[in-house]
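Data block below; observations after.
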Amino acid sequence: MLSSKAIDRLAMAHDASHYAFTPMQISRPQSVNDILDLFAHARREGSPLTFRAGGSSLSGQSAGDGILVDSRRGFRGIQILDEGRRVKVSPGETIRAVNARLARYGYKLGPDPASEIACTIGGMVANNSSGMQCGTTENSYATLDSLEFVLASGTRIDTADPDAARKFAEAEPELVAGLMRLRQRILDNPDSVNTIRRQFAMKNTMGYGINSLLDFETPLEIARHLMIGSEGTLGFVTSATFRTIPVAPHAASALAIFPTLREATAALPDLVAAGFAAIELMDAQSLRVAQTLPEATPEILELDVTGQAALLLELQDATAEGVGGKIEAVAPLLASLPLTSPTQATSHGPTRARLWHIRKGLYTTVAGHRNPGATALLEDIVVPVPTLLDTCTELIKLFGQHQYENSVIFGHAKDGNVHFMLNENFTDPVCMERYIHFTEDMVDLVIGHGGNLKAEHGTGRIMAPFVARQYGDELHQVMREIKRLFDPAGILNPGVVLTDDPQGYLKNLKLVPSVEDEVNRCVECGFCEPVCPSRELTLTPRQRIALRRELASNQLDEQLLKDLDKDYDYYAIQTCAVDGMCGEVCPLHINTGDLVRRLRAEQANRVLGGVWGAAAKAWGPFTKGASVAMTTAHAVAPVASGITKVARKIISPDVMPQYSKDLPKGGRRPKAREAEDPVAFYLPACIQTMFSSGVPKAFTTLCERAGVPVTTLNTGSLCCGTPWKSKGFLKGYETQLKRAEERLAGSPVPIVVDAASCTEGFHVMQSKSSSEEFKAVQIVDVVKFAHEWLLPHLTVTHRLGSIALHPTCSSTHLGLNDALKGLAEAIADEAYVPLDWGCCAFAGDRGMLHPELNASAAKREAAEINSRHFDAYASLNRTCEIGIGRATGKPYVHILELVEQATRP
């Protein structure tokens, strides 16, 4: 259960904060019993435990140098209750995953943090997460229904158990008595009561949630609410049940730009009263940054930014008619505001998407352009709304006073909650000194305006030394007593929330050495992790980047480097699917696959490179040979499997594929065929020759059936180059690029490719080509072509009941998923895309080189698919059909094969 591997320890040393701790050991518990064993070990050995979930670690609360406990792999499960009005969730599930399952019932979780793609329920509970809309009425604390948790002593409590109060009192008499004693201590002190009421009337994640001592009367209720926001310092949450809120699926947005920050904040009371669900502030520097974004709207681009400020407004309703009514209702108010240009709320989807992308892109844009070696810090504060203007004004002055350039202020204006960002180089003593002075000034500013030093991101390590300054000594002592009662041995996340070290926030600061250009901009936010195919087998993109930085830091001792070297190639290089899905969700669009491809190229074996280079020159004969080999192997599957097993041991599992009986026979290359006045040229992918496929026949049949003339090209040795590119054999890739330029440049009609990964491969080739004629060629995937050109001319005669669809990484990059679903919906009553779908990591031949990668990547999707019956199973790429078919045991085919069957006369 405990790993001391160097690669595990170093990969987990970084979280989204500006702190870095190398843990002594890593634990990935799979059950409550594992947690109990872990707690017993920690008590026995005195080993501190730090819990890590996901997405809620901006303040250093999920990093520690003892045992780091990763709860994301083992604790998974979502149980919908009361037709969606409640939901019971395990800590390893993300907010997005929970909301996706609640959506069919018309409900969602109350907290709505921007990190919902990566933020797990464990992180949400640990930080009392909120977000842009939920305020203090729909956050984790307010919507909690019941909680299951384990205390440091090993006591397990399920607060939903009718007998829980008695069990709690019997198991933890000192804790129960202590909580009641603390409650009375606060009630007897009017100053304490007033302070708590005042501070918790706003968003507040500073210190412990001592408002629970006033909000509730029984020890059990107090204890379960103290767990919310405790950042893993009081116990481990094994599941949480929440009351959900209704989804408002229809919305309208408006961008209101004011001449000054003063006028923007003055408008807040009227805008809040008008019922806007979200009111997001962007200061003048934010507007300057927004002008650099491709989504910048004309009114932003036209600004000569001096001291303007903007409010991004959103209305929401359950119906389109309701939103329309709200748009009309707020129109007079918007018209009366002193704006730089008129604005109105719009429900137009693309316009709204642009506006919100601007707001959400501020942090990453500034962070992505930081100087080499600088660390990005994203902080949040909250003040009473009437003091927001003065606070922001003085905060901007502090930026100038301490020479923090390009720092932005943005956030949830209607809550008085704003975020600000700094880029700091912690290797420079001068920079460290100014950071200390800025922090002291900022703390004085926020407290002086009656605010909280943390509103959403948690106290963590960064603000732990300032808890007493915000609350005063009396309430600080109450919090210390809470910690002692729950964790008398002090084994849970020491140094987080509370600390004895006034300089603790300045220690173990993360250094960000410059590494490869592809990933230098990474802020280690972790948004990439939930979509990474290797996340539960080896490493995530964030961890691959973190390891590159650790290696570049020159801070590792010789033994650690030696231990790291044992696993690095397999973990970091060979088991990356280079699928690029990380780039789809990364706020900075960093594709870590680009880094891995470069590293593969740098370490490419010269002999293998020569073999693949020769194959590129004669790719046509090579694919024919591969087809014959697959057919032969299929006929003697046990023998072929045994031979490749031995060969993998002799040669290398990174070179020699493992044959298995579930692989198809070889295919045949379609014959070239001319059409009169063709509307497109059909380019069959070589992958259809290597692995038998019904796509070529299905496509040409559908074209004839629809009366759409298409010429089939003689492909010869033409290929999109993806096999060479992904393996790092650059000479072979150049051979294929030149051949594509020669064969395809100047095509007078679109070229249709019948495998999504190959379509994407040709698009990448075009981006790298110096031939303008080749770049100008329209290369279209067969799915898009069939959806737009063929489907309108086809008649469905054999309708299916249900089809399970497997989108792919390439179809996502190409924007094909809607067309895939559209084809399926045209021929079936239900087109089902699994909520847990993701890249299957077969990745050409990667699934044959490392079958364990495919199995790990696809296991959650496979479980979902196998939980019910479907009439058919479809994807849009041959190797992906093999990969997801292997994982599920289902016969996946290309969607065009099903369309052809469904439209037969």
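What you are looking at is a predicted structure, and each value in this text was computed from that prediction instead of being measured. Hydrogens, waters and symmetry mates play no part in the numbers below; they use all other heavy atoms, side chains included.
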Shortest non-hydrogen separation from [X] to [Y] and the atoms involved:
X	Y	answer
Lys203	Thr136	N-CG2, 3.5 Å
Gly458	Lys454	O-CE, 2.6 Å
Arg886	Ser660	NH2-OG, 2.7 Å
Ser71	Ala53	OG-CA, 3.9 Å
His806	Ser875	O-OG, 2.6 Å
Ala11	Leu547	N-CD2, 3.9 Å

Any donor-acceptor N or O pair under 3.5 Å, side chains [X], [Y]:
X	Y	answer
Thr205	Asn128	no
Asn99	Tyr107	no
Lys5	Tyr571	yes
Tyr208	Thr233	yes
Thr94	Thr120	no
Ser153	Glu172	yes

Could you tell me whether the side chain of [Y] reaches within less than 4.5 Å of the side chain of [X], counting heavy atoms only?
X	Y	value
Leu551	Tyr568	yes
Leu234	Phe149	no
Cys532	Cys582	no
Ile35	Phe75	yes
Thr22	Leu10	yes
Val833	Pro807	yes
Leu213	Val478	yes
Val531	Phe527	no

For atom [atom1] of [X], decide whether the heavy atoms of other residues, nucleotides or ligands shown that lie under 6.0 angstrom number more than 12.
X	atom1	answer
Met180	CE	yes
Arg104	CZ	no
Lys859	NZ	yes
Glu174	CD	no
Glu170	CD	yes

side-chain hydrogen bond (donor to acceptor under 3.5 Å, both in side chains) between Asp15 and Ser62, worked out: CA-CA 7 Å; Asp15 65 4; Ser62 66; 2.8 Å; yes
Between [X] and [Y], does at least one N-O distance fall below 4.0 Å, as a salt bridge requires?
X	Y	answer
Arg156	Glu148	no
Arg860	Glu864	no
Glu529	Arg72	yes
Arg243	Asp82	no
Arg96	Glu116	yes
Arg76	Glu93	yes
Lys167	Asp163	no

Option passing salt bridge (Lys or Arg N to Asp or Glu O under 4.0 Å) with Asp70 (candidates Arg52, Arg535, Arg28, Arg9): Arg28
So, the side chain of [X] versus the backbone of [Y]: is there a donor-acceptor pair under 3.5 Å, distance only?
X	Y	value
Gln543	Thr540	yes
Ser59	Gln61	no
Asn127	Ser129	no
Ser856	Glu852	no
Asp34	Gln30	yes
Lys108	Ile245	no
Ser212	His225	no
Thr459	Val497	no
Ser130	Glu456	no
Asp487	Ala152	no

Ring center gap for Phe236 and Phe51 short of 6.0 angstrom: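 Under 6.0 Å, so yes.
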Arg544 and Ser534: CA distance, side-chain angles, deciding distance, side-chain hydrogen bond (donor to acceptor under 3.5 Å, both in side chains) verdict: CA-CA 11 Å; Arg544 289 183 170 92; Ser534 60; 3.1 Å; yes
Report the distance from atom [atom1] of [X] to atom [atom2] of [Y], rounding to the nearest 0.5 Å.
X	Y	atom1	atom2	answer
Gln25	Asp8	CD	CG	11.0 Å
Arg101	Leu835	CZ	CG	4.5 Å
Thr159	Arg224	OG1	CZ	4.5 Å
Thr575	Leu539	OG1	CG	6.5 Å

Arg868 to Phe870 six-membered ring, cation-pi geometry met (6.0 Å, 45°):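 Relative to the ring axis of Phe870, which defines the angle, Arg868 lies inside both limits.
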Lys/Arg cation over aromatic Phe21: Arg461, 6.0 Å, 45° cone: yes
Side chain to side chain contact (heavy atoms under 4.5 Å, CB included) between Asp145 and Phe242, intermediate numbers included: CA-CA 5 Å; Asp145 188 70; Phe242 295 94; 5.8 Å; no
Candidate pair Leu102 and Val87, rule side chain to side chain contact (heavy atoms under 4.5 Å, CB included), full reasoning: CA-CA 8 Å; Leu102 285 168; Val87 61; 4.1 Å; yes
Evaluation steps, side chain to side chain contact (heavy atoms under 4.5 Å, CB included), between Asp569 and Asp654: CA-CA 10 Å; Asp569 186 60; Asp654 299 326; 3.7 Å; yes
His850 and Tyr570 aromatic ring geometry - parallel, tilted or perpendicular at 30°/60° bounds: perpendicular
Derivation of the side chain to side chain contact (heavy atoms under 4.5 Å, CB included) call for Arg86 and Thr244: CA-CA 5 Å; Arg86 291 189 304 136; Thr244 59; 5.8 Å; no
